[in-house]
Number of protein chains: 4
Amino acid sequence: MRGYKKPTVSVIGASGYSGAELTKILLRHPSVKLEKLYAHTQAGKKVQDVYPFLDTDAVFESYGGEKDTDIYFLALPHGEASSIVPKLADAGKLVIDLSGDFRLKNPEEHLKYYLKSKDPDAVLTYAMPELFHDEIQQAKAVSNPGCYATSIILGIAPLVKKPLNSALVKSINCSAISGISGAGRSSKVELSFSEMSGNIRAYKVGKHQHTPEILQALDTDTVEPRFDFLFTPMIAPLVRGIYAVLNIQLDKHLPVSQIEKHFKEFYRSAPFVRVRPTMPEIQHVAYTNYCDIHIAESTDNGSAVIVTAIDNLVKGAAGQAVQNMNILLGYDETLGLL
Amino acid sequence: MRGYKKPTVSVIGASGYSGAELTKILLRHPSVKLEKLYAHTQAGKKVQDVYPFLDTDAVFESYGGEKDTDIYFLALPHGEASSIVPKLADAGKLVIDLSGDFRLKNPEEHLKYYLKSKDPDAVLTYAMPELFHDEIQQAKAVSNPGCYATSIILGIAPLVKKPLNSALVKSINCSAISGISGAGRSSKVELSFSEMSGNIRAYKVGKHQHTPEILQALDTDTVEPRFDFLFTPMIAPLVRGIYAVLNIQLDKHLPVSQIEKHFKEFYRSAPFVRVRPTMPEIQHVAYTNYCDIHIAESTDNGSAVIVTAIDNLVKGAAGQAVQNMNILLGYDETLGLL
Amino acid sequence: MRGYKKPTVSVIGASGYSGAELTKILLRHPSVKLEKLYAHTQAGKKVQDVYPFLDTDAVFESYGGEKDTDIYFLALPHGEASSIVPKLADAGKLVIDLSGDFRLKNPEEHLKYYLKSKDPDAVLTYAMPELFHDEIQQAKAVSNPGCYATSIILGIAPLVKKPLNSALVKSINCSAISGISGAGRSSKVELSFSEMSGNIRAYKVGKHQHTPEILQALDTDTVEPRFDFLFTPMIAPLVRGIYAVLNIQLDKHLPVSQIEKHFKEFYRSAPFVRVRPTMPEIQHVAYTNYCDIHIAESTDNGSAVIVTAIDNLVKGAAGQAVQNMNILLGYDETLGLL
Amino acid sequence: MRGYKKPTVSVIGASGYSGAELTKILLRHPSVKLEKLYAHTQAGKKVQDVYPFLDTDAVFESYGGEKDTDIYFLALPHGEASSIVPKLADAGKLVIDLSGDFRLKNPEEHLKYYLKSKDPDAVLTYAMPELFHDEIQQAKAVSNPGCYATSIILGIAPLVKKPLNSALVKSINCSAISGISGAGRSSKVELSFSEMSGNIRAYKVGKHQHTPEILQALDTDTVEPRFDFLFTPMIAPLVRGIYAVLNIQLDKHLPVSQIEKHFKEFYRSAPFVRVRPTMPEIQHVAYTNYCDIHIAESTDNGSAVIVTAIDNLVKGAAGQAVQNMNILLGYDETLGLL
């Protein structure tokens, strides 16, 4: 447990949706003590005045470089964590960053997708516990995966990382539908209730910033031949959840039952991944840290459809971040999450 | 028909939700020709780029004082119509103003509720066809009623304007729920999908600007004793519609069947008011110009509950405006609306 | 703590929405052990197959009269608890019944509103902790309040039970909007998504079965003069929550600030009631056991508007039931609920 | 105009959602006269008691083999039209059937997907006006396309029917999200508001009955090599609309601009297909007969993403049916639909 008794925790960027979800989970967590909630624009306001459903008397504060708690979560807009994380890490703090600032190894891809240049050294362990549990355990500062990336990687990794019957992935087409909270606490007209009720809208087709993150996590450089990958994100009229339909073209036919068995074996130590015999639904995973996976179809020509569902604010953000914190602290991975 | 063949129409403020609804109805109207769509902030954009469901090749223009069509609808934010309407009226145009600028006779009440002073002469015929059909027919410029006001006045007027069995109204409590489109095309965080899905919020209790409009329309000065009136507006997670629950305290008991008969008689010439034996629902009136009314309960002590439903953008705004245009033009009241 | 170490709990009727919410809360509760989940129609199914968001490997069983746990929650349809509760109570079990079977003292009113006759002795302590904490503490079997009743009683009780400045309540008009989960897990066409999206519907105006429950809880026989009471329930397109607008006519004017102070004093020992200076919203209380109350308006003639919000499945059902269990067990009232 | 003055029309199966939409459109149509509305289970009820938004005094009748109007629409559940259509056709009536009974040429595929055997002769002209305008014009009885099929075929046909730069389609993966009205007026628990709000659910992956319909319409037998096709249908929390994401793998790269130009050329005579430069949204096409198409992406390796949106009840059912009626009658295709 790294010598802590009951470690203290702060959240920087606590007033967005991910920050509020983090706060909710951390307040319930039995083995850490939530101390500070930093939020620039809401500084000075009582947390309950912004999120009355949170059980706390805390007041949002402006972050001024404090380093007085053991653990720091950063739930800041992309670009704002890059200058803070190194200082906290240098001071020996445990850091879980929820932004995209430290995910991509390749600065050119970062520039292309985030439209900002980055320091090539600004890379942290990619903290997807189902794939990189040991690396996370060794780390002190980690980068929490993106929401779409989580739902997609978990549905593909078993076939890419550990080919079944030597079947190689030739191409992957993903369509994923996100709840609107994924766009953050927003005042854009196009995200207003009147515009999004009864509406669906795709965006950034083939250009979403989670694309390089997914490919990097799947470590596709070592898999030959490298597969084609195309991702279509959409928003639909729900607040929470990501529903991903993954069309995977393999170079041979694999029966559904074999793929299912392979997935179950691959995730046998992953407490939050459920390979289920029935179709996922958002309501099955909403407000939980589960990722539900179903092998929906496999055709003779090797085309397989895998469907996954997560809560974008929990497994796609705050829940996975706390899961990572548990690993960093040597706790049971599920502590405070079930 | 006032000498027109096929009168020409313009809409000033065509890019808001009421303006778009007006445009939709006018494009289908068999006996007018829609010519110009004015919208300040969207000027230069094709109408279909903003509202792709509208069947027109028109382009939004900036209004610069033109007076080249026979009829003008103004669907502007409160305060912006006050300087335009008089000029159009002076030029002999037929004018239907959908704002609150010309509704209240009492400048002090206007100041209190709209927080803007007004010219005491800035009053137009209050164009609720079910109550003031003849005055509208005589007018050239009229003020279209507010959405809440429409749903509430129609549910009360028969008992106030024409007491049944001499029963006097002692007090009225209204709760009315509006679709979120009533707040306009908005970029406020509190109207975003993520904030309003699954949510309900009351506001301006006892202070909504439709309160004096309702009392003025009911002409309560001539009814003794003047009744108490309290109105609680709410928004709920739907786009269109107003659902009003009107608790009316009378000084004597009136059976439901008598009230229902009285309402039917009162509205016998009103093609869009339906006094129905079953409970109204928003879906019964959405996308129509109907106002559904149901006498829901009447207790021994004289307390009656009347429930009404309208589409806030149709009977509560654009539909009623076209109904008024039909009356101004001497057309059948329902033309283009059924 | 009545001699238990970690008491064991069963839920009878665990497969409805209230039962599922109970299960979720009890699984997280630190000081009881959830043992059996009984559900007639779902017997034999794994709980996670019906409610995949629940963290349990339990299987629904058919209830056959077992009495092997310390505590029993009954979340059955009205009428089905009446024969089970007495046997469990006689066996010395702690019983919390969520149905309407044991709420009303007057068999005639029960017959009128539930359309079923009842034994005059079938009455349990009405377990609204904010009003009857001591009676609950003395009881072994209690009747959990109805959802609408909870939201309405809490908004009225301070003015009825403990008149402020001797102001007497003359009449109360309530409009309350419920989430659709309040109708249970239903296959009625009129509750389908296609019918209820964008829709609002009032029902049972003046005839809802919570009416006598509210009046009984307010003990109006001892208050003179007895006030008139009229309640209009509605459903709107949200799953969870009750939003109640309470129009209270007093015989004198009381300023908002005085009423607010009075409410705060009245609920000073009630950890789940929050008298707040801003308007309640469903999203402020959803998934919590809070009841938010706001004194919205008070007019010169004594008409006051009080607005309350709860989650119908938590404070309106399962959460309040666990709150009652905590009291029965001598635990802190909030245990497992924050 | 085939000798009719103002032809008379009946709808058989008028009480479902497609039937109600048909009724709404036909009531507004300037050049036909709606006479009879047949609905078995609702027979005897006033149409307005079931659908109060419809402007008619008609009463639903039970269909007993009448042949007294010129045109018949059948909006019956699959299987129920098969015995009625031949009799109407034999009597010289114009018939538009909205069911799947007469769509598939191959009886084995019909059996496989509809689980019912069919007469090999029970095939009518597949009435998708954008592809088969001339055949429809020659026909007297036609089969209206399925909703998913419409949204998918229109997004694929230009590349399959008329290869661009000789590019051959190798495979197609479709994900399409339907509004819940597509499931009909249903009392299934899993389609209730409480289950579908905030929820998404895929179903029948690779097994939906529109799959053979799509392939037959694309006439893939004559295109070599025949492409692989995989379709994942989903429902999301909206009432109306289909949003289709079509991932098309070509054997060579085609730039987006070329594909767009090709589509515009292909649909130059199709008044309801709009090839647009921006992303489709359901709200752009809801309550209209439009199909919006956008070429969203095209990668170097020949993978193209095409996104389409329709209203499932209009272009996907009733609107397209009236469009077909217009063609059968020799009217302008858009009559009564704009």
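- Against chain A, the residues from residues 177-186 of chain B that qualify, each with a non-hydrogen atom under 4.5 angstrom away, are B/I180, B/S181, B/R185, B/S186 in number order.
- Contact of A/E195 with chain B is made through backbone and side chain together, with heavy-atom distances under 4.5 Å.
- Closest of all the heavy-atom pairs between A/Y17 and B/S192 is OH-OG, 4.4 Å.
- The side-chain contact (heavy atoms from CB on, under 4.5 Å) test applied to B/Y63 returns B/I12, B/Y38, B/E66, B/Y72, B/I84, B/L88, not counting sequence neighbours.
- Within a 6.0 Å radius of NZ in B/K188, no more than 12 heavy atoms belonging to other residues, nucleotides or ligands are found.
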Distance-only check: which donor-acceptor pairs under 3.5 Å involve side-chain atoms of residues 237-246 of chain B, not counting sequence neighbours?
from	atom 1	to	atom 2	distance (Å)
B/R240	NH1	B/D311	OD1	3.4
B/R240	NH1	B/D311	OD2	2.8
B/R240	NH2	B/E21	OE1	2.5
B/Y243	OH	B/P280	O	2.7
B/Y243	OH	C/A202	N	2.9

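- For the side-chain contact (heavy atoms from CB on, under 4.5 Å) test, residues two or more places apart in sequence or in another chain that qualify with B/K46 are B/D49, B/V59.
- Interface remark: of the candidates B/G198, B/S197, B/S194, B/S194 forms the most heavy-atom pairs closer than 4.5 Å to chain A.
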